Amino acid sequence: MTQDHAAYWRTMKQQAVNGEFKIEEDLGQAIADVVSQYISALEIQKDDAANLNHLNGWGGLPSAVAIQDKLQSKAAADESAVKRLEAHIAIARDQRDTFLAAIGKLQAVDQQTADALGATGTGI
């Protein structure tokens, strides 16, 4: 299901970049702002889930160790909460970029990001 959503938003983003999908600037910016807030919330949840990678206090019984291992893997292993949250963050970024492209601001945002990365690189 997540793959379907990812493909849908990549397609919508490309349509917006190509000028096939446009939206009123105020509305597009408002939606992009809400999605940015959503991305921030998802990133906090991802960090919280990653912190569950090392649980302690379960004791030394074999059943306690098994439960601890199972919960740790659900938090941060291959098919974990962290990986799923990363997938949702990627989709949300495509959503945000779609609406920014639909109002003609995607290039401006990309340039601001590039400028910020360049400034960070010069300080190293």
Side-chain angles (χ1 to χ4, degrees):
M1 185 85 154
T2 302
Q3 288 292 36
D4 293 343
H5 285 103
Y8 174 81
W9 283 104
R10 280 193 305 270
T11 301
M12 289 296 294
K13 180 180 173 181
Q14 191 58 49
Q15 289 176 350
V17 168
N18 294 339
E20 299 167 18
F21 170 62
K22 294 183 179 184
I23 193 169
E24 181 184 318
E25 185 171 349
D26 291 342
L27 178 59
Q29 187 63 58
I31 294 170
D33 291 345
V34 169
V35 175
S36 291
Q37 292 170 1
Y38 179 60
I39 291 168
S40 295
L42 287 175
E43 287 174 342
I44 290 168
Q45 290 178 8
K46 184 184 88 163
D47 291 343
D48 289 346
N51 289 332
L52 297 175
N53 189 31
H54 301 288
L55 299 175
N56 57 30
W58 288 81
L61 293 175
S63 60
V65 172
I67 292 170
Q68 177 181 345
D69 290 344
K70 183 174 183 175
L71 292 174
Q72 285 178 165
S73 69
K74 285 187 178 286
D78 290 337
E79 288 295 319
S80 65
V82 170
K83 298 294 182 194
R84 296 210 180 231
L85 287 164
E86 287 172 348
H88 286 287
I89 289 168
I91 292 169
R93 285 185 178 137
D94 283 339
Q95 290 173 332
R96 179 199 58 209
D97 292 349
T98 297
F99 289 106
L100 291 174
I103 62 174
K105 287 192 174 181
L106 185 58
Q107 273 188 323
V109 170
D110 287 345
Q111 186 59 47
Q112 288 172 351
T113 302
D115 292 344
L117 288 173
T120 301
T122 57
I124 294 176

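Remember, predicted model here, so these are calculated numbers, not experimental data. Side-chain atoms are counted along with the backbone in the values below, which use heavy atoms only and exclude waters and symmetry mates. Residue indices begin at 1 and follow the sequence shown.
In terms of heavy-atom proximity, Ile103 sits nearest to Glu24 at CG2-O, 3.6 Å. Taking all atoms of both residues into account, the shortest heavy-atom contact from Gly59 to Ala64 is O-CB, 4.2 Å. Of all non-hydrogen atoms in Trp9 and Thr98, the two that sit nearest each other are O-OG1, 3.5 Å. Minimum interatomic distance between Ala101 and Ala16 (heavy atoms only, all atoms of both residues): CB-CB, 3.6 Å.
Distance check: Met12 CE to His5 NE2 gives 13.0 Å after rounding to the nearest 0.5 Å. The distance from atom CZ of Arg96 to atom OH of Tyr38, rounded to the nearest 0.5 Å, is 13.5 Å. Here Lys13 contributes atom NZ and Leu100 contributes atom CG; the two are 10.0 Å apart, rounded to the nearest 0.5 Å.
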N/O donor to acceptor pairs below 3.5 angstrom from side-chain atoms of residues 25-35, sequence neighbours left out:
residue: Glu25; atom: OE2; partner: Lys105; partner atom: NZ; Å: 3.4
residue: Gln29; atom: OE1; partner: Lys105; partner atom: NZ; Å: 3.2
residue: Gln29; atom: NE2; partner: Asp33; partner atom: OD1; Å: 2.9

Using residues 39-48 as the side-chain source, report each donor-acceptor pair under 3.5 Å to any protein atom, sequence neighbours left out, with the distance given to one decimal.
residue: Ser40; atom: OG; partner: Ser36; partner atom: O; Å: 3.2
residue: Glu43; atom: OE2; partner: Arg93; partner atom: NH2; Å: 2.6

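Put simply, the side chain of Ile67 does not reach to within 4.5 Å of the side chain of Lys70, judged on heavy atoms.
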